[in-house]
Amino acid sequence: MDGVVDHLADERNKAQFDVEEMKIVWAGSRHVFELSDRIARLVASDPVFRKDNRATLSRKDLFKNTLRKAAHAWKRIIELRLSEEEASKLRFYVDEAAFTDLHWGMFVPAIKGQATEEQQQKWLPLAYKMQIIGCYAQTELGHGSNVQGLETTATFDPQTDEFDIHSPTLTSSKWWPGGLGKVSTHAVVYARLITDGQEHGVHGFIVQLRSLDDHLPLPGITIGDIGMKFGNGAYNTMDNGVTRNGKCVRSNVPRQLIYGTMVFVRQTIVSDASCALSRAVCIATRYSAVRRQFGSQNGGVETQVIDYKTQQNRLFPLLAAAYAFRFVGEWLKWLYTDVTQRLQANDFSTLPEAHACTAGLKSLTTTFTADAIEECRKLCGGHGYLCSSGLPELFAVYVPACTYEGDNVVLLLQVARFLMKTVSQLGSEKKPVGTTAYMGRVEHLMQCRCSVQKAEDWLNPNTILEAFEARTARMSVAVAQKLAQFANPEEGFLELSPNLVEASVAHCQLIVVSKFIEKLQQDIPGKGVKELLGMLCNIYALNILHKHLGDFLSTGSITPKQGSLANDQLRSLYSQVRPNAIALVDAFNYTDHYLGSVLGRYDGNVYPKLYEEAWKDPLNDSVVPDGYHEYIRPLLKNQLRNARL
Ligand SMILES: CCCCCCCCCC/C=C\CCCCCCC/C=C/C(=O)SCCNC(=O)CCNC(=O)[C@H](O)C(C)(C)COP(=O)(O)OP(=O)(O)OC[C@H]1O[C@@H](n2cnc3c(N)ncnc32)[C@H](O)[C@@H]1OP(=O)(O)O
Ligand SMILES: Cc1cc2nc3c(=O)[nH]c(=O)nc-3n(C[C@H](O)[C@H](O)[C@H](O)COP(=O)(O)OP(=O)(O)OC[C@H]3O[C@@H](n4cnc5c(N)ncnc54)[C@H](O)[C@@H]3O)c2cc1C
């Protein structure tokens, strides 16, 4: 900020906590903070990684530019000998969806998790050096959610010792896989395994798609891009493919492991939600402190919009959720590492919980984040609708996260199956553990009464936790009792699916709240840091309580009076967070390059920069627009003639 006026300096001076220490908490450790900071600056200072022109590039130019960036990123990774952690941060700050995401994020993990030792030795060295580029080809035109409904077959031919991969129908064409359309040379293709005329369910097969010499599709393979997607720029940097195929090579692993790649990616999507959410919140918070409307007294300055209680009521719960998702993401990473170690020792016992947690939290955090980005756009008024605010593109890139890696409702129904199984086993030898341990106290939770008598009582973490546990346990038991009335459980499950989804959401919200509370039990250094995190935790929980008041009241987990006291407490928390708001978003440590938003600039110098940006639009290349002579001038002349008549 040398020599630059900081329009947000007064705001920064108001902070009541140590921002530098909060940056460490947000990053996860001092090591990660320093590494991220270094890589973010490296990316921001490299002209190849410029991204402010994406909205105005044609699809072909956009795509070619993405190829250029990916090649340049790889070159820098090699030249600078970046570690895996540094390379992954570099990808993060380059901030452009590309085929490399699927290569590193799904193709490599699928081989690591599902291929035999021999296959790994053959394919991984090639993939690590990017001598082959891979994608994850599961979804078909006719089936995505229903993996067991996939039609592509892999028939073993003992004569040639080959598998014949066949898409017999239009609907069995692989449709959507990222990177498949124009770049990938190989794919992990999911197909129904057939040997000796017998079917053995869906398995993954490594298939070569294109020649490594001239990039042409191999014989028998028809391949292309599926067409433009939502939003200009946005996810259109990615080639999503369609293919119908020919022949290949084999794999043979337990069914549970075939799903392992999805568990891994869903876990990464939860951490990613906190990044997208914090980015939108950073933009909306800084702009809300810069923007003034109404309230001028005696010719003085107008009110900063961030001081309106309605603005705080919309914005601060999103800020709190960004921190909440950060911490639940950290925990989920730990859970995933733990389950992976167990699987390696052939212990499958914690896989159902890992599946339920990754599926449920992926659903909860992506739905919330997509809605929150749109809310942040509205919080920025008209200027939020400009591409230069960064919010339209962020929304367009982010929103498919609600669908890919499992449609969010389909995933909540998986959580519901896990919850119903847990309830059905209550009272048996099998005690609920981990995230369902609270169900072990179901008798208490079914009849306990919330003790809140005044607003401040809601600041007690045990009070919050018990209200959330009671709500979830009561909703789960109620729907389980209804299910028991159906002669056919599957019919009952379909009929009651809306109630089941609501119970799953309650369970997932409870996980997020409880992991935030657990985080606060750790030693967190820095003046005021823990206090501020405590306020955010309470805002996150009490805002959910307010938004889902119907659940809490109808289950009798709290009384209407207690619901109203929670709201009073929320308002008081907003006032306490208000002076810290700018510092809380500064703690994300985002560069202006990464934010990509005129409204979210660190220095708050919004208006001159908005004006400058507007002039950069290609429409402003000429004063008189193209088309004037063909369309405007004749129109005006006609009007002139009409006016004379
Ligand atoms: C330049 C160089 C840079 C270098 C560094 C770069 C680093 C970059 C890194 C990037 C990292 C990450 C990037 C990621 C990129 C993200 C982009 C996303 C792209 C999108 C990809 C996709 O979408 S892939 C396709 C995903 N598809 C789905 O998710 C399909 C959804 N459907 C399902 O998952 C299942 O079919 C369903 C869950 C619905 C179950 O269906 P159902 O038929 O009811 O059940 P079955 O299949 O019969 O299963 C029965 C039992 O199995 C249990 N189960 C189901 N799923 C799982 C699971 N995942 N794990 C464990 N167990 C599972 C289920 O519960 C049943 O159990 P039960 O006991 O029998 O009840
Ligand atoms: C940007 C993007 C990238 C993608 N990348 C890849 C990739 O790299 N590789 C790959 O293999 N796939 C990829 N996909 C595909 C993606 O995984 C699927 O689209 C996703 O799993 C959803 O499946 P579907 O499209 O079949 O939705 P559908 O299942 O057809 O969903 C349609 C509607 O039906 C509802 N529904 C479906 N089943 C049920 C049910 N049992 N109960 C209640 N409601 C139900 C859903 O909630 C939804 O509202 C990508 C998709 C997108 C958008």
Side-chain angles (χ1 to χ4, degrees), residues 69-78 82 84-92 94 96-110 128 130 135-150 174-181 184 187-190 201-202 226 229-230 234-236 238 240-241 255-269 271-272 339 343 348 350-356 358-359 362-363 396-418 420-421 493-494 497-498 500-501:
K69 286 186 186 177
H72 185 64
W74 186 242
K75 187 166 156 266
R76 296 302 283 150
I77 288 167
I78 306 288
L82 297 189
E84 203 176 321
E85 193 181 14
E86 289 168 324
S88 151
K89 283 287 173 215
L90 184 114
R91 151 65 190 100
F92 175 78
V94 167
E96 193 152 301
F99 65 90
T100 40
D101 296 353
L102 279 301
H103 175 81
W104 294 105
M106 295 202 77
F107 181 70
V108 170
Y128 283 144
M130 293 207 81
C135 67
Y136 185 88
Q138 183 173 297
T139 307
E140 296 174 356
L141 189 55
H143 292 93
S145 298
N146 183 3
V147 178
Q148 295 307 318
L150 296 178
K174 291 294 173 188
W175 182 278
W176 268 119
L180 172 66
S184 300
V188 172
V189 172
Y190 288 81
V202 172
I226 61 171
K229 294 160 296 242
F230 190 94
Y235 214 83
N236 289 300
M238 178 77 84
N240 288 88
R255 170 129 177 239
Q256 290 95 327
L257 291 187
I258 292 170
Y259 289 133
T261 311
M262 290 187 277
V263 173
F264 165 70
V265 179
R266 286 172 193 155
Q267 170 262 133
T268 67
I269 289 175
S271 292
D272 202 45
V339 78
L343 289 177
F348 292 92
T350 57
L351 186 61
E353 196 202 4
H355 166 48
T358 47
K362 181 271 182 187
S363 175
V397 172
Y398 192 77
V399 78
C402 298
T403 304
Y404 62 55
E405 266 327 303
D407 166 84
N408 278 354
V409 169
V410 170
L411 293 185
L412 287 174
L413 289 169
Q414 289 288 302
V415 180
R417 284 198 187 275
F418 177 68
M420 290 305 101
K421 205 179 245 183
F493 199 86
L494 287 174
S497 53
L500 286 159
V501 162

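For ligands, and for the atoms within them, numbers begin at 1 and follow the listed sequence. Heads up: numbering here begins at 1 and tracks the sequence. Because the structure is predicted, anything quoted here is derived from the model rather than measured.
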Region of [X] that comes within reach of ligand 1 [heavy atoms, distance under 4.0 Å]:
{"X": "Leu411", "result": "neither"}
{"X": "Ile269", "result": "neither"}
{"X": "Trp176", "result": "neither"}
{"X": "Glu84", "result": "neither"}
{"X": "Tyr404", "result": "both"}
{"X": "Gln414", "result": "side chain"}
{"X": "Arg417", "result": "neither"}
{"X": "Met420", "result": "neither"}

Quick check: does [X] get an N/O under 3.5 Å from an N/O on ligand 1?
{"X": "Gly406", "result": "yes"}
{"X": "Asn146", "result": "no"}
{"X": "Glu405", "result": "yes"}
{"X": "Tyr136", "result": "no"}

Does the protein put a heavy atom less than 4.0 Å from [atom]?
{"atom": "atom 32 (C) of ligand 2", "result": "no"}
{"atom": "atom 35 (C) of ligand 2", "result": "no"}
{"atom": "atom 13 (C) of ligand 2", "result": "yes"}
{"atom": "atom 25 (O) of ligand 2", "result": "no"}
{"atom": "atom 41 (N) of ligand 2", "result": "no"}

**Item:** Option from Leu141, Asn146, Val147 for which side chain to side chain contact (heavy atoms under 4.5 Å, CB included) with His143 holds
**Value:**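 When side chain to side chain contact (heavy atoms under 4.5 Å, CB included) is applied between His143 and each of Leu141, Asn146, Val147, only Asn146 qualifies.
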Quick check on [X] - does any of its heavy atoms sit under 4.0 Å from an atom of ligand 1?
{"X": "Ser145", "answer": "yes"}
{"X": "Gly178", "answer": "no"}
{"X": "His103", "answer": "no"}
{"X": "Met130", "answer": "no"}

With a 4.0 Å heavy-atom cut-off (strictly under), which part of [X] contacts ligand 2: side chain, backbone, both or neither?
{"X": "Leu180", "value": "neither"}
{"X": "Asn146", "value": "neither"}
{"X": "Glu405", "value": "backbone"}

Check each atom of ligand 1 against the heavy atoms of [X] and keep those under 4.0 Å away; list them by number with element.
{"X": "Gln138", "value": "25 (C), 26 (C), 27 (N), 28 (C), 30 (C)"}
{"X": "Met106", "value": "21 (C), 24 (S)"}
{"X": "Val147", "value": "30 (C), 32 (N), 33 (C), 35 (C), 36 (O)"}

**Message:** Given the ring of Phe92, does Lys89 sit roughly above its face, with NZ or CZ under 6.0 Å from the centre of the six-membered ring and within 45° of the axis?
**Reply:**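 Judged by the rule, Lys89 and Phe92 form a cation-pi pair.
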**Item:** Option passing ring-ring contact (aromatic ring centres under 6.0 Å, His included) with Tyr136 (candidates Tyr190, Tyr404, Phe107)
**Value:**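 It is Tyr190; the other options fail the test.
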What protein heavy atom lies closest to [atom]? Include the residue and the distance to one decimal.
{"atom": "atom 7 (C) of ligand 2", "result": "Pro177 CA, 3.4 Å"}
{"atom": "atom 49 (O) of ligand 2", "result": "Asp407 OD1, 4.0 Å"}
{"atom": "atom 30 (O) of ligand 2", "result": "Ser145 OG, 4.9 Å"}
{"atom": "atom 20 (C) of ligand 2", "result": "Thr403 O, 3.3 Å"}
{"atom": "atom 17 (O) of ligand 2", "result": "Thr139 OG1, 3.5 Å"}
{"atom": "atom 43 (C) of ligand 2", "result": "Leu413 CD1, 3.8 Å"}
{"atom": "atom 39 (C) of ligand 2", "result": "Val410 CG2, 3.7 Å"}

**Asked** Hey, is the main chain of Ala396 close enough, under 3.5 Å, to the side chain of Lys229 for a donor-acceptor pair?
**Response**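 No; zero donor-acceptor contacts below 3.5 Å.
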**Request:** Could you tell me whether the side chain of Ser184 and the main chain of Gly179 form a donor-acceptor pair under 3.5 Å?
**Result:**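 The answer is yes, because a donor-acceptor pair under 3.5 Å joins these two groups.
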**Message:** So for Lys174, does at least one of its heavy atoms come nearer than 4.0 angstrom to any atom of ligand 2?
**Reply:**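 Contact absent.
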**Prompt:** Can you tell me if Gly406 has a non-hydrogen atom under 4.0 Å from ligand 2?
**Reply:**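 It does; at least one heavy atom falls under 4.0 Å.
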**Message:** Quick one, Arg76 with Leu82, criterion side-chain contact (heavy atoms from CB on, under 4.5 Å). Give me CA distance, side-chain angles, the key distance, then yes/no.
**Reply:** CA-CA 8 Å; Arg76 296 302 283 150; Leu82 297 189; 5.6 Å; no
State the atoms of ligand 2, each with its element, that fall below the 4.0 Å cut-off from a heavy-atom position in [X].
{"X": "Leu102", "answer": "8 (O)"}
{"X": "Val409", "answer": "47 (O)"}
{"X": "Gln138", "answer": "11 (O)"}
{"X": "Asn240", "answer": "3 (C)"}
{"X": "Pro400", "answer": "1 (C)"}

As an exercise, state the distance from [atom1] of [X] to [atom2] of [Y], rounded to the nearest 0.5 Å.
{"X": "Leu180", "Y": "Lys174", "atom1": "CG", "atom2": "NZ", "result": "10.0 Å"}
{"X": "His103", "Y": "Asp101", "atom1": "NE2", "atom2": "CG", "result": "11.0 Å"}
{"X": "Trp176", "Y": "Thr403", "atom1": "CH2", "atom2": "OG1", "result": "8.5 Å"}

**Asked** Can you find a pair of side-chain heavy atoms, one from Phe418 and one from Pro352, that are under 4.5 Å apart?
**Response**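 When only atoms from C-beta onward are counted, Pro352 and Phe418 do touch, with a gap below 4.5 Å.
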**Prompt:** Relative to the ring of Tyr128, is the ring of Trp104 parallel (under 30°), tilted (30 to 60°) or perpendicular (over 60°)?
**Reply:**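 Plane angle under 30°, so parallel.
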**Asked** What is the minimum heavy-atom distance between Pro177 and Gln138, and which atoms define it?
**Response**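 Nearest pair, atom of Pro177 first, then Gln138: CG-N, 4.3 Å.
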**Prompt:** Given Lys362 and Asn408, is the side-chain contact (heavy atoms from CB on, under 4.5 Å) satisfied, shown in steps?
**Reply:** CA-CA 8 Å; Lys362 181 271 182 187; Asn408 278 354; 2.9 Å; yes
**Item:** Nearest neighbour of atom 8 (O) of ligand 2 from the list Gly179, Ala137, Gly178, on a heavy-atom basis
**Value:**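 Minimum heavy-atom distance to atom 8 (O) of ligand 2 goes to Gly178.
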**Request:** Closest by any non-hydrogen atom to atom 51 (C) of ligand 2: pick that one out of Trp176, Tyr136, Trp175.
**Result:**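 Going through Trp176, Tyr136, Trp175 one by one, Trp176 has the nearest heavy atom to atom 51 (C) of ligand 2.
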**Asked** Taking both backbone and side-chain atoms of Gly144, is any N or O found less than 3.5 Å from an N or O belonging to ligand 2?
**Response**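 The answer is yes, given that Gly144 and ligand 2 share an N or O pair closer than 3.5 Å.
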**Prompt:** Would Met262 and His355 count as a side-chain contact (heavy atoms from CB on, under 4.5 Å) if you check the C-alpha gap in whole Å, the side-chain angles of each, and the deciding distance to 0.1 Å?
**Reply:** CA-CA 9 Å; Met262 290 187 277; His355 166 48; over 6 Å; no
